[in-house]
Amino acid sequence: DLRDANHRYDLALVAADASALDALYLPEFTYIGPGGVVRNKAEQIRSLASGAIDIIEGGSDHISITIYGDAAILTGRFTGRVRAHGEEFSFQERYSTVWINRGNGWRLALEHGTVIKDK
């Protein structure tokens, strides 16, 4: 189920689990993030597992899923706490993801995240 796959993704992000991320990302995975950064699969795993930004806790809510056969678009909000550059802070991100099921479960092809600014 796609909700379960997305939950496993949240857990892999918080754990900075490179092996789990590798299993969840398709070879052609692309990440587009704040400031327009673009990373391929290897770059995104390296970025998340490096420890430069440590996601202390977090998870998704406000999830919406639309399935198109073996492809799906999932949107949601990720709320968490991170440690970066010696400081801890909370953040929220709106994201959209494209998932593909090639017969061996749902895997990520694309993620686009936008950090929600405090008012």
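Remember, it's a predicted structure, so these values are computed and weren't measured experimentally.
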Original post:
What is the minimum heavy-atom distance between V14 and I56, and which atoms define it?
Top reply: CG1-O, 3.7 Å

**OP:** May I ask you to decide if R83's main-chain N or O and D54's side chain share a donor-acceptor pair within less than 3.5 Å?
**Re:** no

Original post:
Do Y9 and I65 belong to the same hydrophobic cluster, where Ile, Leu, Val, Met, Phe, Trp and Tyr are linked whenever their side-chain heavy atoms lie under 4.5 Å apart, directly or via other members?
Top reply: yes

Subject >> Single-linkage hydrophobic cluster I45~V98, side-chain heavy atoms < 4.5 angstrom >> reply: no

**OP:** Would you give the length of the straight line joining atom CG of N6 to atom CZ of R3, rounded to the nearest 0.5 angstrom?
**Re:** 8.5 Å

Original post:
Taking C-beta and beyond as the side chain, do D4 and W106 meet within less than 4.5 Å on heavy atoms?
Top reply: no

Subject >> Distance, nearest 0.5 Å, that separates OG of S90 from CD of E57 >> reply: 7.5 Å

Original post:
According to a 4.5 Å side-chain heavy-atom criterion applied to Ile, Leu, Val, Met, Phe, Trp and Tyr, with indirect links allowed, do I67 and L110 form part of one hydrophobic cluster?
Top reply: no

Original post:
Shortest non-hydrogen contact from A20 to A12?
Top reply: CB-CB, 3.8 Å

Subject >> Backbone N/O of R94 and side chain of T114: donor-acceptor pair under 3.5 Å >> reply: no

Original post:
Roughly how far apart are L13 CG and Q44 CD, rounded to 0.5 Å?
Top reply: 8.0 Å

**OP:** Could you state whether V115 and I53 fall into the same hydrophobic cluster, counting links through intermediate Ile, Leu, Val, Met, Phe, Trp or Tyr residues with side-chain heavy atoms under 4.5 angstrom apart?
**Re:** no

Subject >> Heavy-atom closest pair, residues F91 and R81 >> reply: CE2-N, 4.1 Å

**OP:** State the CG-CG distance between D17 and D22, to the nearest 0.5 angstrom.
**Re:** 10.0 Å

Original post:
What heavy-atom pair brings R107 and A23 nearest, and what distance separates the two atoms?
Top reply: NE-O, 3.0 Å

Subject >> Within 6.0 Å of CD in E88, more than 12 heavy atoms from elsewhere >> reply: yes

Subject >> Nearest-0.5 Å distance, CG of residue D70 to CH2 of residue W99 >> reply: 14.5 Å

Original post:
Looking only at heavy atoms, what is the nearest atom pair of I100 and A109, with distance?
Top reply: CG1-CB, 3.9 Å

Original post:
Is there a path of hydrophobic side-chain contacts, each under 4.5 Å between heavy atoms of I, L, V, M, F, W or Y residues, that connects L108 with V37?
Top reply: yes

Original post:
Which value, rounded to the nearest 0.5 Å, describes the distance between T97 atom OG1 and L24 atom CG?
Top reply: 11.0 Å

**OP:** Provide the closest heavy-atom pair for K41 versus L26 in the form atom of the first, atom of the second, distance.
**Re:** CD-O, 3.5 Å

Original post:
Does the side chain of Y95 come under 3.5 Å of the side chain of Y31 through a donor N or O and an acceptor N or O?
Top reply: no

